[in-house]
Amino acid sequence: MKHSFKTTLLCSAAIALMATQAMAEQRTLKYYADFDPAPLAAFEAVIAEFEAANPDIDVVLQNFDHEGYKTSIRNFLSADSPDLANWYAGNRMAPFVNSGQFQDVSDVWTDNNLGESLASAKGSMTIDGKQWGIPYTYYQWGIYYNKDAYKQAGVEVPTTWAEFIDNCAKFKEAGIDCVTTGTKALWPGAGIFDYMNLRTNGYDFHMELTAGKVAWTDDRVKNTFAEWAKLVEPGYLTANHAALEWQDAASLLVQGKAANYVMGNFAVAVFKDGGMTNDTLGFMTFPEITPGIPRGEEAPTDTIHIPAGAKNVDDAKKFLAFIATADVQTKLNEALGQLPINNQSKVGDDPFLQAGFEMLSTADGGIAQFFDRDAPAEMAKMGMEGFQEFMVKPENVDKILERLEKARQRIYK
Amino acid sequence: MTGSATATSAGTQGDTRGYWKKNQRSLAPWIFLAPGIAMFTLYVIYPIIASMWLSFYDWDGLGTKTWLGFENYIELFDDDAFYTSLYNNIIWLVLYMLAVPAGLFVALFLNQTVTGIRIYKSLFFFPFVISQVVVGLIFSWFYAPNFGLFYNLIEWVTGTGVAVLADDRYVTYGIIAAGLWPQIAYCMILYLTGLNNVAPDQVEAARLDGARGWKMLWHVILPQLRPATFIAVVVTVIGALRSFDLVSIMTDGGPYGSSRVLSFYMYEQALSEYGYRMGYGAAIAVILFAIMMIFISGFIWKMVRDERGV
């Protein structure tokens with residue numbers, strides 16, 4: 001990998017030299033992205049490095065806010081497309097691939113031997129046997145907990161689901177929410193469902209379910225909800241979570257009003273901003289429910305793609321190859337506080353990252369993306385609404401599952 | 001030859017001038033209307049027809065369109081979420097009407113000559129000036145569980161707080177209450193201008209005849225406020241039917257879709273993050289348009305009748 005990085009560097013230097021000799025021609029790469037401030041700074045540094053290595057390429061980054069980006073990407077892909085665009089792996093990129101809005105970048109993968117270095121994400125980047133983008137980061141999901149809350153309730157960190165539920169009773173006595181969440185934006189609830197289903201029925205079943213191959217009224221799905229009900233029915237979840245943003249729930253955890261939070265690693269920054277430290281914040285893998293099932297984990301991947309309407313494809317591919325290199329991924333993810341995809345990259349020494357890396361690299365079941373990236377968009381929306389309703393009114397479970405089954409039969413035709 | 005040439009040119013010139021002269025009165029309004037008609041056709045009529053057309057297709061906004069016939073509508077009439085939205089729209093329509101009497105009441109209250117009354121008037125008008133987005137945010141905080149003023153107030157009175165926006169029983173009413181705040185201000189302004197035009201001689205005559213209080217309001221003031229009432233009702237009906245921003249800001253249609261209204265459901269299906277069913281969204285839009293048409297035709301019919309009557 002290092003070798004190929006050097007070659008690209010040398011090659012581009014040579015090309016740059018020729019270019020300056022022939023005519024100082026400046027080419028621009030238009031890059032649309034949706035970074036938060038910290039990742040943005042990291043990306044700007046990486047872009048500066050790329051520009052230094054390729055003096056004839058000028059990368060113009062336009063940053064959007066997340067939600068705005070999700071709605072505008074369709075417009076700019078079909079109208080005035082940039083040369084590079086951020087998006088997500090898995091089923092989430094399928095509509096753009098199937099409608100021909102993203103370019104096949106399999107040659108970047110083969111030329112740079114990415115099949116090896118980015119092996120863990122190759123499956124989620126592949127549709128129809130071709131690769132459609134470059135993954136640059138992923139992050140684990142799991143349970144973040146407040147160690148002080150555990151001390152206050154006098155309980156130990158659980159290793160099994162039964163212990164977890166027992167703990168919840170003690171947390172309730174102590175007036176602490178056992179599990180907190182804020183489902184106003186719906187997706188945090190899907191994280192809980194994913195883990196409930198992964199632990200009850202395993203990774204393969206979860207993938208079949210999100211791919212529409214299993215009925216939502218299947219007994220195995222009902223088992224998942226029955227386990228989930230052990231958490232919901234006694235009121236171990238934060239009340240009124242449907243009106244809370246995920247950050248509101250995070251502050252409940254920070255204040256010690258809640259003990260556990262099923263979340264992605266990006267939440268660590270929010271916890272720490274709220275005053276938690278490595279001494280008070282803990283991380284654990286979601287406990288085993290059905291014994292003996294290979295452990296599947298959840299780790300969504302963020303990616304960069306070349307839109308079909310890109311004007312400067314050659315340089316865009318050069319940029320993708322650059323983003324795929326081990327050094328760049330190390331640097332980027334250190335700043336992002338997330339995990340690099342490239343298996344030769346170094347993982348930051350943050351304990352939560354290390355724990356996540358350890359957890360993911362030993363997940364023998366498989367790595368799921370996330371409910372709204374594994375299931376098609378329409379199903380994801382219906383599903384997440386159902387999860388939210390279940391966590392408020394667990395008695396509606398049959399009605400919810402029937403509704404989802406009706407939707408499944410329509411959506412996966 | 002030259003003579004005949006000039007004659008013909010003069011003749012045609014005379015003809016055109018004659019045609020223009022003859023039809024000037026009937027043509028001029030059309031010429032003045034032309035830009036308006038062009039804009040109206042392009043930005044109102046065409047999109048309406050295009051949406052109707054689109055509602056017969058399955059289209060994700062990017063790929064190819066597939067003809068479905070009435071399938072979108074068949075699905076729509078079997079869709080619980082659609083009925084929830086429709087039901088909420090009706091609640092909106094009914095409760096939003098409260099803005100009209102409330103606006104009248106505030107206007108009567110403020111229609112006095114006291115020092116500083118203009119400041120009070122502007123304070124009352126203030127909610128209409130600020131953006132709906134801000135109104136939505138303010139009310140979200142007002143209702144917010146654990147720290148919201150309303151939540152804490154209820155908790156103080158009854159012992160347990162009510163998270164209005166997380167409860168499918170109250171959420172729509174909570175949002176309507178937020179919507180009423182600026183809408184009342186709007187109706188108030190309409191009535192205040194109306195009250196300026198109330199004929200003082202009639203009021204005086206009524207007073208001489210012994211009319212006071214309710215009688216005065218009902219028989220003397222209100223009839224003179226009819227134009228203001230008409231506009232207030234029209235604006236409020238339309239406001240209720242296109243309620244979108246507050247739902248979007250305060251709950252995003254949640255919890256589990258219980259606060260959706262038709263316009264929001266349309267947006268959700270056609271344009272939101274998990275939607276992109278343009279055809280289905282268009283079908284919802286067509287239904288909403290049909291509902292609006294009932295009211296709009298009613299208003300236009302009344303307006304035409306009034307103008308003829310006068």
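Residue numbers begin at 1 in each chain, while the letters A, B, ... track the order of the sequences.
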Discussion item. Does B:Y83, at its OH atom, have more than 12 non-hydrogen atoms belonging to other residues, nucleotides or ligands within less than 6.0 Å?
Written reply: yes

Item to complete: Determine whether more than 12 heavy atoms belonging to other residues, nucleotides or ligands lie under 6.0 Å from atom CH2 of B:W156.
Response: no

Worksheet item: In Å and rounded to the nearest 0.5 Å, what is the OG to NZ distance from B:S140 to A:K184?
Response: 4.5 Å

Item to complete: Would you give the length of the straight line joining atom OG of A:S99 to atom OH of B:Y276, rounded to the nearest 0.5 angstrom?
Response: 12.0 Å

Discussion item. With a 4.5 angstrom heavy-atom cut-off, is it the side chain or the backbone of A:I400 that approaches chain B, or both, or neither?
Written reply: neither

Item to complete: Heavy-atom distances under 4.5 Å only: say whether A:Q101 touches chain B with side chain, backbone, both or neither.
Response: side chain

Practice prompt. Return the option, out of B:D168, B:V171, B:T251, with the maximum number of heavy-atom pairs under 4.5 Å with chain A.
Written response: B:D168

Discussion item. For the NZ atom of A:K257 and the CG atom of B:N146, what is their distance to the nearest 0.5 Å?
Written reply: 6.0 Å

Discussion item. Under 4.5 Å from any heavy atom of chain B, what part of A:M382 do you find: side chain, backbone, both or neither?
Written reply: neither

Item to complete: Any chance you could measure A:K406, atom NZ, to B:D79, atom CG, to the nearest 0.5 Å?
Response: 7.0 Å

Worksheet, complete the sentence: Honestly, the part of B:Q269 sitting under 4.5 Å from a heavy atom of chain A is neither

Discussion item. Rounded at 0.5 Å granularity, tell me how far CZ in B:R277 sits from NZ in A:K381.
Written reply: 13.0 Å

Discussion item. Heavy-atom count check: over 12 atoms from other residues, nucleotides or ligands less than 6.0 Å from B:Y43 OH?
Written reply: no

Discussion item. Between B:L271 and chain A, with a heavy-atom cut-off of 4.5 Å, which part of the residue counts as in contact: side chain, backbone, both or neither?
Written reply: backbone

Discussion item. Does A:K130, at its NZ atom, have more than 12 non-hydrogen atoms belonging to other residues, nucleotides or ligands within less than 6.0 Å?
Written reply: no

Worksheet item: Which residues in residues 70-78 of chain A have any heavy atom lying under 4.5 Å from a heavy atom of chain B?
Response: A:K70, A:T71, A:R74, A:S78

Practice prompt. Please indicate whether A:Y412 has more than 12 foreign heavy atoms, meaning atoms of other residues, nucleotides or ligands, lying under 6.0 Å from its OH.
Written response: yes

Practice prompt. Report yes if some heavy atom in the side chain of B:Y151 is under 4.5 Å from a heavy atom in the side chain of A:N240; otherwise report no.
Written response: yes

Worksheet entry | Rounded distance [0.5 Å steps], CZ in A:R403 versus OH in B:Y256 | 10.0 Å

Worksheet item: Between B:S258, B:S272, B:G257, which shows the greatest number of heavy-atom pairs under 4.5 Å with chain A?
Response: B:G257

